Enquirer: 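This structure is in structure tokens; I'll ask about it shortly.
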There are 2 protein chains.
Amino acid sequence: MGYSIGQVAKKTGLTTHTLRFYEKSGLLPFIKKSSSGVRVFSDEDLNWLSIIECLKDTGMPLKGIKQYIDWSAEGDKTLEKRLKMFEQHKLDIDKKIAQLEKNKNRIEYKIGLYKRAVKVGSLEKVLQEERCKK
Amino acid sequence: MGYSIGQVAKKTGLTTHTLRFYEKSGLLPFIKKSSSGVRVFSDEDLNWLSIIECLKDTGMPLKGIKQYIDWSAEGDKTLEKRLKMFEQHKLDIDKKIAQLEKNKNRIEYKIGLYKRAVKVGSLEKVLQEERCKK
DNA sequence: GTAATCCTTGGAGTTAACTCTAAGTCAAGA
DNA sequence: TCTTGACTTAGAGTTAACTCCAAGGATTAC
């Protein structure tokens, strides 16, 4: 029912350094320590790490994640704040996805150009053809 | 037909600092300078900036962008390399989008929980209901 | 002609998020 | 008991991508 920092590192793919860094940064305030000072991670701590990863991977800075953790520790009086945070973050993710899609289209267009350019042996020729089309 | 660094900054939303930093980093090797040493940006330079932004916004590090610029300067003998780079980058973008979508689902689930929690006034109660459902 | 506003450079400083080092503690196995 | 390996801490170092500063040169507005 308890995991060492090394076991958690293996489970999560984070390094022990990173886990300690997260704790020092205030992202993991719930972790218990054994009598000899060794961190003992619980399954709940793994859940916290999982949501931290989710927020981090979608572009939330550690500062923002810490805010969420702090609110969680304060209990039900911060429910609205947390809800608003998630709603705003969802909008940010939507924006990010939309921008990625847009840029992806551009990359795909480039791929088309370069495929033809490789065939012809010249990018300039392909660009001239493009200009004529218009 | 030429723009000063300040005009380009306004057009692109980048700062003059960033533009000089990009030039120093080798991302803008085509920019001319006037007799008195002032940078004169052409429309083509703006196109380069635009593709640089596209690659940067989709997560390519400046190092990778510089590689692409360097290949471009080498001419048609690097066409295959550039094509491969774009194809790989497209795959990276696809992965990124897929992960964002997955994490977005999770955030949306959280939003659902928190909406109910705000109504009820307790997150714990909502989580217990969830557990019962299963 | 002079003040304001641009531009130049080299180099230092900042921020986020790690990443590592040194020196030491602790528990289990041969 | 001795060694091995995982753990502890404080604090220094790294990387990417800016961001800023000081000191000075060129251009334009009046």
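These numbers come from a predicted model, not from an experiment. Because only heavy atoms are used, hydrogens play no part in the values below, and waters and symmetry mates are left out as well, while side chains stay in. A, B, ... follow the sequence lines: proteins, then strands. Residue 1 opens every chain.
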Enquirer: Check nucleotides 5-8 of chain C for protein N or O atoms closer than 3.5 Å to its own N or O atoms and list the pairs.
Expert:
unit_1, atom_1, unit_2, atom_2, d
C:dC7, OP1, B:Ser4, OG, 2.8
C:dC7, OP1, B:Gly6, N, 2.6
C:dT8, OP1, B:Arg39, N, 2.9
C:dT8, OP1, B:Arg39, NH1, 2.6
C:dT8, OP2, B:Arg20, NE, 3.0
C:dT8, OP2, B:Arg20, NH2, 2.8
C:dT8, OP2, B:Arg39, NH1, 3.2
C:dT8, O5', B:Arg39, NH1, 3.4

Enquirer: In whole Å, I'd like the distance from the CG atom of A:Leu19 to the P atom of D:dC7.
Expert: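 These atoms are roughly 10 Å apart.
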Enquirer: Between B:Glu130 and B:Lys133, does a salt bridge (charged side-chain N to carboxylate O under 4.0 Å, His left out) hold up when you go through it step by step?
Expert: CA-CA 5 Å; B:Glu130 281 306 287; B:Lys133 273 189 196 170; 3.3 Å; yes
Enquirer: Strictly below 4.0 Å, heavy-atom distances to any atom of DNA chain D: list the hits from residues 41-62 of chain A, or just say none.
Expert: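 Per residue number, the list is empty: none.
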Enquirer: With a cut-off of less than 4.0 Å, is there a side-chain N or O of A:Tyr22 near OP1 or OP2 of C:dC18?
Expert: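 So the side-chain polar atoms of A:Tyr22 do come within 4.0 Å of the phosphate oxygens OP1 or OP2 of C:dC18, strictly under.
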Enquirer: Nearest 0.5 angstrom please: B:Asp57 CG to A:Lys102 NZ, how far?
Expert: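 Answer for the CG-NZ pair, B:Asp57 versus A:Lys102, is 9.0 Å.
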Enquirer: For B:Lys63 and D:dT15, what is the distance between atoms NZ and P respectively, to the nearest whole Å?
Expert: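 Nearest whole value for this atom pair: 9 Å.
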Enquirer: Where each residue is assigned the nucleotide of DNA chain C containing its nearest heavy atom, which of A:Ser35 and A:Phe21 is assigned the position nearer the 5′ end?
Expert: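 Comparing both residues, the 5'-ward one is A:Phe21.
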Enquirer: Please give me the minimum heavy-atom distance between A:Lys66 and A:Gly26, naming the atom from each residue.
Expert: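 In terms of heavy atoms, the two residues are closest at CG-O, 4.2 Å.
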Enquirer: Please report the end-to-end axis angle for the helix from C:dG1-D:dC30 to C:dA30-D:dT1, five pairs per end, rounded to 10 degrees.
Expert: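 The angle separating the two end axes equals 0°.
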Enquirer: When the distance from NE2 of A:His17 to C1' of D:dA12 is rounded to whole Å, what number comes out?
Expert: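 Roughly 13 Å, once rounded to whole Å.
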Enquirer: Might you point out which heavy atoms bring B:Val8 and B:Leu19 nearest each other, and give the distance in Å?
Expert: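 Here B:Val8 and B:Leu19 meet closest at CG1-CD1, 3.8 Å.
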Enquirer: Take atom NZ of A:Lys24 and atom P of C:dA17, then tell me their distance rounded to the nearest Å.
Expert: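 Roughly 15 Å, once rounded to whole Å.
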Enquirer: Any heavy-atom pair between the side chains of B:Gln67 and B:Trp71 that's under 4.5 Å?
Expert: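 Touching, per the 4.5 Å side-chain cut-off.
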Enquirer: Per the side chain to side chain donor-acceptor pair (under 3.5 Å) rule, which among B:Glu74, B:Arg82, B:Lys81 passes with B:Thr78?
Expert: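 Considering B:Glu74, B:Arg82, B:Lys81, a side chain to side chain donor-acceptor pair (under 3.5 Å) with B:Thr78 is found only for B:Arg82.
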Enquirer: Restricting to non-hydrogen atoms, name the atom on B:Tyr3 and the atom on B:Ser42 that form the minimum distance, rounded to 0.1 Å.
Expert: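 In this case the closest contact between B:Tyr3 and B:Ser42 is CE1-C, 4.2 Å.
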Enquirer: Rounding to a whole Å, what distance do you find between B:Lys66:NZ and D:dA16:P?
Expert: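 Rounded to the whole Å, the gap is 14 Å.
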Enquirer: With a 3.5 Å distance limit and no angle check, can you tell me whether B:Thr58 reaches the backbone of B:Cys54 through a side-chain donor-acceptor pair?
Expert: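 Yes, because the side chain of B:Thr58 sits within donor-acceptor range (under 3.5 Å) of the backbone of B:Cys54.
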Enquirer: Nearest 0.5 Å, please: how far is CD in A:Gln7 from CZ in A:Phe41?
Expert: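 Reported value, rounded in 0.5 Å steps: 10.5 Å.
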Enquirer: Measuring only between side-chain heavy atoms, which start at C-beta, is B:Ile111 closer than 4.5 Å to B:Ile107?
Expert: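 When only atoms from C-beta onward are counted, B:Ile107 and B:Ile111 do touch, with a gap below 4.5 Å.
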Enquirer: Within a radius of less than 6.0 Å around NZ of B:Lys104, do more than 12 heavy atoms belonging to other residues, nucleotides or ligands occur?
Expert: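 Counting neighbours around NZ of B:Lys104, more than 12 heavy atoms of other residues, nucleotides or ligands fall under 6.0 Å, so yes.
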